[in-house]
Amino acid sequence: MDELVKIKELLAASEERAADLADFIEQGAMPLHWVDGNGIIIWANKAELDLLGYTREEYIGQPIAAFHAEQSIIDDILKRLADDETIINYPAQLTCKNGHIKDVLINSNVKRKNGTFLHTRCFTRDITDYKRAEEKSAMLAAIVASSDDAIISKTFESIITSWNDAAQRLFGYSAAEMIGESIVKLIPPDRLDEEPQILDRLKQGKSLEHFETKRVTKDGSLLDVSLTISPIKDAQGNTIGLSKIARDITEKKQEEIRKNDFIAMVSHELKTPLTSMKSYLQVLLGQAIKDGQSFQVSALTRAELQARKMTAMIHDFLNLARLEEGKIAINKSLFELHPLVEEIAGDAPFLTDNHQIKIADCEHIRLEADREKIGQVLNNLLSNAIKYSPKGGVIIIGCEKHEKQVRIFVKDEGVGISAEDQKRLFERFYRSKDETIKTVSGFGIGLYLVSEVLRYHGSRIEVESTPGAGSTFFFLMDYA
Ligand code: ADP
């Protein structure tokens, strides 16, 4: 009797396990189905139905071929299974109820009873997302390969990890020659310090756009390139490398050189007649003052002021052209700042009669710099302070001594500069969008020259400004 109870218990336990297993197969996440010897679906679990979107009634009893995009695949699979082959990862495409096509891998073998084919046992693996991602990356790879711009990826240690065809065309090295090599191979010796600066910027999460520089090709020639470098991030947002797009801008540079040559030539030609005009005006002015002809004095003073403005503009153009050609030379000497500031402020009455120019705390400061160029910097800042304070007011050229450096500034009570304009003010030809100063003439060169001259001195022009209240332009210099 005991035996019977035991057997019943065992039977019940095994039935429970079988039911559990059946439920697991039915409810599990793996799509499974069986197909009979005639290719008719005889069973499918929930995951299989969910994968394709059919109900059990719509799916079971149908020929499996009806769901395959390609008929020949089914014939092939069934034939192989009939030969007792186990099918592993057979790529196929299935049609869903909503008409979408799913990319799948089919895994299947045959269940036989006493040697007779009963049915197939198939596990369908959905690889649609993976396929789409693969297609997308193949498309991106094709774009990279066919791009006209050199596209290179590298590690934070500057080791090249990919190199497209355009990079080969531009620099002359093949991918095989460059992958695994350091990018430094492309940098001219006098620009080697650029790479650590670029990497620092990128490590801070910033990217670098349209950075114009030079690079060396395999045959040793120098190329003008514009670089855009950005971090490459993985799906989790971790930076795993850097992508670099290099564009050949040699043609554009040549065009700029031609333009600069033209500007330099025209400016130079204008200088000579203007100088002689100015001296005649001065002679006439002296004569008119002597003769007490007040109308002539006022008219000639104005004419002379305009001639001075023109001279200043021509100087800016000439300096710009020199700078662009890299012909700017810094001739440093040790000089007292105060007399220079006085000279510059002393010229102001020729430019304005409704501004009050003050000098503050610039005594006993000696600079080791190019006196003439620092003079140009101050002159530019002062004439801007006058130009952009149409209502007049106080302008201060001042100095603030710190331990080793002096902060030299020009402060006005003029129109001020918006935060947006402040960011771009020192670019070549940039002029602010402020409507109130639309009528003020200028070319947007002055501040670019200021910033370049200071850069050559290892310093940097900066601005603090409140629209409507005024601006302070300043820079730091070492003093003796
Ligand atoms: P320009 O005066 O010939 O336009 P600059 O390069 O000297 O060229 O100046 C660029 C722009 O910066 C000006 O067009 C002006 O909008 C703005 N700017 C310069 N200095 C001042 C200032 N002191 N106050 C307000 N705006 C200024």
Side-chain angles (χ1 to χ4, degrees), residues 256 259-260 263-264 266-267 270 274 305-324 328 341 344-345 347-348 350-352 354-360 373-399 407-457 459-475:
E256 275 177 17
K259 200 171 71 193
N260 282 334
I263 292 175
V266 172
S267 313
L270 288 175
L274 194 62
L305 170 64
Q306 296 307 322
R308 268 175 190 269
K309 281 190 179 170
M310 242 167 112
T311 313
M313 280 185 207
I314 288 170
H315 274 138
D316 274 359
F317 276 127
L318 280 171
N319 284 331
L320 177 75
R322 274 190 212 122
L323 190 81
E324 302 285 288
I328 182 167
V341 174
I344 287 166
D347 269 349
F350 292 105
L351 300 174
T352 175
N354 67 339
H355 295 84
Q356 205 189 333
I357 318 281
K358 288 185 180 171
I359 302 176
K373 296 217 164 48
I374 297 297
Q376 278 168 11
V377 165
L378 294 172
N379 223 334
N380 258 313
L381 296 179
L382 178 61
S383 59
N384 274 352
I386 295 171
K387 261 170 44 175
Y388 298 108
S389 314
K391 294 200 183 107
V394 177
I395 295 171
I396 304 172
I397 309 182
C399 300
R407 181 180 187 266
I408 304 170
F409 65 89
V410 177
K411 182 176 186 312
D412 65 55
E413 299 173 336
V415 293
I417 305 158
S418 70
E420 195 190 328
D421 282 331
Q422 284 181 37
K423 281 189 229 149
R424 304 196 47 197
L425 224 49
F426 306 112
E427 288 174 21
R428 200 171 40 147
F429 302 129
Y430 188 82
R431 305 205 69 213
S432 92
K433 307 275 174 288
D434 190 339
E435 283 294 309
T436 57
I437 49 166
K438 228 171 63 185
T439 50
V440 179
S441 64
F443 295 101
I445 302 175
L447 286 181
Y448 171 69
L449 287 173
V450 164
S451 81
E452 284 297 291
V453 166
L454 291 176
R455 192 170 66 84
Y456 275 87
H457 279 87
S459 177
R460 195 176 64 191
I461 182 74
E462 290 181 76
V463 62
E464 277 165 4
S465 182
T466 311
S471 314
T472 304
F473 285 84
F474 62 93
F475 56 96

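Numbering of ligands and ligand atoms starts at 1, following listing order.
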Distance-minimising heavy-atom pair for [X] and [Y]:
X: A307; Y: L274; answer: O-CD2, 4.0 Å
X: G446; Y: D316; answer: CA-OD2, 4.0 Å
X: A385; Y: V410; answer: CB-CG1, 4.1 Å

request  = Write down, by chain and number, every protein residue that brings a non-hydrogen atom to less than 4.0 Å from an atom of ligand 1.
outcome  =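 Answer by chain and number: N384, A385, K387, Y388, D412, V415, G416, I417, L425, Y430, R431, S432, I437, G442, F443, G444, I445, G446, L447, S471, F473.
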request  = For residues 434-456, pull every pair meeting ring pair (Phe, Tyr, Trp, His ring centres under 6.0 Å), keeping only residues two or more places apart or in separate chains.
outcome  = F317-F443
key: side-chain contact (heavy atoms from CB on, under 4.5 Å) partners for R460, two or more places apart   = E462
ask   = In chain order, what residues pass the side-chain contact (heavy atoms from CB on, under 4.5 Å) check against N379, with sequence neighbours excluded?
value = I344
